[in-house]
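Presented below is the structure to which this report refers.
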Amino acid sequence: MLIRSFTGIFRTVRNASNMAFQLKRVLISDSLDPCCAKILESNGIAVDTNTKLTKEQLVAEIPKYDGLIVRSATKVTAAVIEAATNLKIIGRAGTGVDNIDLNASSKKGVIVMNTPSGNTLSAAEHTCAMICAMSRNIPQAHMSMKSGKWDRKAFMGSELYGKTLGIIGLGRIGKEVALRMQSFGMTTIGFDPIIPASVSAEFNTEWMTLDKLWPLADYITVHTPLIPQTKGLLNDETFGKCKKGVHVLNIARGGIIDEDALARALKSGQCGGAALDVFVEEPPTNRDLVDHPNLVATPHLGASTAEAQKRVAEEIGQQFVDLVQGKRLEGGVNAMALSNALQPGTRPLVALGQGLGAVAAALAGKITNKTTVKINTYGPDLQSAASFLGAAVSVGLLKVQIANSLNLVNAPFYAKEIGVKVRLVTNYYVFWMALKFSF
Ligand SMILES: NC(=O)c1ccc[n+]([C@@H]2O[C@H](COP(=O)([O-])OP(=O)(O)OC[C@H]3O[C@@H](n4cnc5c(N)ncnc54)[C@H](O)[C@@H]3O)[C@@H](O)[C@H]2O)c1
Ligand SMILES: O=C(O)[C@H](O)COP(=O)(O)O
């Protein structure tokens with residue numbers, strides 16, 4: 001019995017040191033550049049693409065797959081995740097993961113990963129295009145001409161030169177927007193709770209609190225995720241703190257600017273113009289807002305360029321392959337522990353912890369709270385080894401003693417090998433084992 005257990009242990013140890021991640025079949029349920037499927041297939045992963053699934057069909061189909069790749073159209077709800085009996089990983093070819101139920105994914109042990117920088121430049125350029133379009137009424141003038149008119153009076157615009165652009169959210173896109181609009185002669189100011197003033201100063205943007213920003217900005221653009229702290233950031237009260245005629249943009253996520261408050265501000269003239277690429281409901285049902293003459297709208301096109309789509313498709317495909325091959329976990333949204341576990345310096349210790357965990361599991365039932373496990377290791381970092389071991393045998397039954405031995409001073413930090421001797425002293429027997437982990 002004990003011998004059989006140890007055969008199992010050695011198998012587990014071998015798998016653990018590979019850190020391999022099996023994926024057989026992936027569903028791509030939103031429209032993606034074909035390079036993603038090619039990357040997966042050339043690495044032995046079967047791919048089905050079906051961008052027409054209804055909610056119900058997705059729930060019915062998902063048990064066939066151990067991987068799913070989406071953009072923003074597919075809603076990966078708790079119902080989908082509950083039905084997904086084989087799902088291990090959800091990839092988002094893009095940035096926002098608000099269409100994926102992260103709680104349900106984490107509870108089920110499903111990794112969610114995104115490709116947060118592949119569409120940054122496209123979204124930033126789209127924002128700048130919207131600022132220009134809005135300041136010169138280009139869409140309205142275009143529509144007027146298309147309807148056969150030649151109206152040079154109705155579309156008087158205003159220069160951007162000398163105006164102030166308030167940027168809320170100074171991350172990847174916010175920063176690129178700042179740099180581009182400065183070339184028009186705009187002064188950029190901004191707020192972000194994480195990015196400090198010293199960092200925003202590096203891209204010539206003065207950091208300030210929102211209360212200071214509202215009355216200074218001629219244009220306000222939001223580049224944050226949609227989270228409880230940013231939902232309705234622009235609302236009746238904050239519009240009231242802005243300059244009369246302020247122009248606002250949302251290329252980030254529907255709802256950061258409260259749509260009803262925006263409709264009211266446009267009606268009263270408190271808001272002189274707005275540009276929206278994203279909506280609370282997509283497609284939007286609030287026609288009063290969409291049809292307002294001072295609103296410029298696009299149907300969530302921020303990332304819709306050939307370049308961005310190629311980048312995010314390639315990135316998500318490669319990220320899946322890297323994980324399958326145990327190389328790294330890039331873009332993990334809900335799996336920090338696993339991302340860390342795949343770092344080169346940590347991998348040997350994780351493997352050690354897994355191996356020892358397997359030892360503990362195999363001995364479960366044969367040990368009591370009187371059992372002492374003495375572990376002699378040689379390798380780079382016994383403290384970490386000890387903490388991984390602690391986690392691995394957190395059954396609470398073992399008294400663990402870690403004893404240093406052999407050549408530790410000269411051990412390289414990135415070990416190629418860790419050796420461990422486990423001495424189990426139970427009520428009934430004393431047992432020695434020597435395990436060696438190679439990487
Ligand atoms: N329209 C599109 O097609 C499109 C394309 C790409 C990204 N996006 C969206 O754009 C947004 C920004 O993307 P990113 O890549 O720049 O993200 P990012 O993570 O690089 O930057 C977001 C910034 O928002 C800041 N932030 C968080 N809470 C805040 C708050 N309460 N007030 C002010 N700032 C706050 C964060 O600290 C962070 O610096 C996301 O919502 C993303 O989904 C939209
Ligand atoms: O968050 C994102 O990456 C953007 O909103 C793009 O969404 P899309 O991939 O559906 O165009």
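What you see is a predicted model, and the numbers here were worked out from it, not measured in a lab.
Between the side chain of Q182 and the backbone N or O of T187, no donor-acceptor pair lies under 3.5 Å. In this structure a side-chain-to-backbone donor-acceptor pair under 3.5 Å is present from H247 to G245. Between the side chain of E259 and the backbone N or O of L289, no donor-acceptor pair lies under 3.5 Å. With hydrogens and angles ignored, the 3.5 Å screen pairs no side-chain donor or acceptor of T205 with any backbone N or O of A201. Of the possible polar contacts, none joining the S122 side chain to the N119 backbone as a donor-acceptor pair under 3.5 Å is found. The backbone N or O of H300 lies less than 3.5 Å from a partner atom in the side chain of D277, making a donor-acceptor pair. Formation of a donor-acceptor pair under 3.5 Å by the T54 side chain with backbone atoms of Q57 is found in this model. Judged by distance alone, the side chain of N235 and the main-chain N or O of D258 form no donor-acceptor pair under 3.5 Å. Judged purely by atom type and a 3.5 angstrom limit, S144 has no side-chain atom pairing as donor or acceptor with the backbone of Q140. Here the side chain of K75 pairs a donor or acceptor atom with the backbone of S72 at under 3.5 angstrom.
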* Walk me through it: do F320 and L40 pass the test side chain to side chain contact (heavy atoms under 4.5 Å, CB included)? => CA-CA 8 Å; F320 267 44; L40 295 173; 3.6 Å; yes
* Checking side chain to side chain contact (heavy atoms under 4.5 Å, CB included) for the pair K231/I227: CA distance, chi angles, key distance, verdict? -> CA-CA 6 Å; K231 189 169 179 219; I227 49 177; over 6 Å; no
* To do: Run the numbers on F279 and T285 for side chain to side chain contact (heavy atoms under 4.5 Å, CB included), then give the verdict.
  => CA-CA 9 Å; F279 301 84; T285 44; over 6 Å; no
* To do: Test side chain to side chain contact (heavy atoms under 4.5 Å, CB included) on N286 and D260 and set out the steps.
  => CA-CA 9 Å; N286 186 343; D260 294 333; 3.6 Å; yes
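Applying the side chain to side chain donor-acceptor pair (under 3.5 Å) rule to N334 yields the partners S106; only residues at least two apart in sequence or on another chain are considered. Partners of D218 under the side chain to side chain donor-acceptor pair (under 3.5 Å) rule, at least two apart in sequence or in another chain, are K243.
Counting all heavy atoms, side chain and backbone alike, S29 lies closest to T74 at OG-OG1, 2.9 Å. Listed here is the closest heavy atom pair of P63 and N86: O-ND2, 2.7 Å. Heavy-atom minimum distance, I100 versus V70: CD1-CG2, 4.1 Å. S304 and R71 make their closest contact through OG-NH2, 3.8 Å (heavy atoms, listed as atom of the first residue, atom of the second, distance). Considering all non-hydrogen atoms of both residues, I251 and A275 come closest at CD1-O, 4.5 Å. Closest of all the heavy-atom pairs between I62 and V59 is CG2-O, 3.6 Å.
The NZ atom of K108 sits 12.0 Å away from the CG atom of D101 when rounded to the nearest 0.5 Å. To the nearest 0.5 Å, atom CE of residue M208 and atom CD1 of residue I189 are 4.0 Å apart. Taken from CD1 in I316 to CG in N114, the straight-line distance is 7.0 Å, to the nearest 0.5 Å. Considering CZ of R328 and CG of L323, their distance stands at 10.5 Å, rounded to 0.5 Å. Rounded to the nearest 0.5 angstrom, T224 OG1 and L233 CG are separated by 6.5 Å. With values rounded to the nearest 0.5 angstrom, N137 atom CG is found 7.5 Å from N294 atom CG.
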Scan the side chains in residues 153-175 for donor-acceptor partners under 3.5 Å anywhere in the protein, sequence neighbours excluded, and list what turns up.
residue: K163; atom: NZ; partner: E159; partner atom: O; Å: 2.9
residue: R172; atom: NE; partner: P116; partner atom: O; Å: 3.3

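Counting heavy atoms from C-beta on, the side chains of K244 and Q270 come closer than 4.5 Å. Two residues are said to be in side-chain contact when any heavy atoms from C-beta on lie closer than 4.5 Å; R92 and M113 fail this criterion. A 4.5 Å side-chain heavy-atom check between I28 and V47 finds at least one atom pair inside the cut-off. Contact annotation: the side chain of L234 never approaches that of L262 to less than 4.5 Å [non-hydrogen atoms, C-beta and beyond]. Inter-residue side-chain proximity for Q318 and D322 is flagged as met; some heavy-atom pair is nearer than 4.5 Å. In this structure, the side chains of V248 and C271 come closer than 4.5 Å at one or more pairs of heavy atoms. Between I90 and V110 there is a side-chain heavy-atom pair separated by less than 4.5 Å. Looking at F239 and R264, their side chains never come closer than 4.5 Å, going by heavy atoms from C-beta outward.
Open room surrounds NZ on K55; 12 or fewer heavy atoms of other groups in view lie less than 6.0 Å from it. Atom CZ of F184 has 12 or fewer heavy atoms from other residues, nucleotides or ligands within 6.0 Å.
We find that E314 and K310 are joined by a salt bridge, their nearest charged nitrogen and carboxylate oxygen being less than 4.0 Å apart. Using a 4.0 Å cut-off between a side-chain N of Lys or Arg and a carboxylate O of Asp or Glu, E176 and R180 qualify as a salt bridge. Under a 4.0 Å N-O distance rule, the pair K64/E61 qualifies as a salt bridge.
With R253 as reference, D98 is the one residue of T230, T95, D98 to meet the side-chain hydrogen bond (donor to acceptor under 3.5 Å, both in side chains) rule. Considering V80, T77, N50 as possible partners of L58, the one that fulfils the side-chain contact (heavy atoms from CB on, under 4.5 Å) test is V80.
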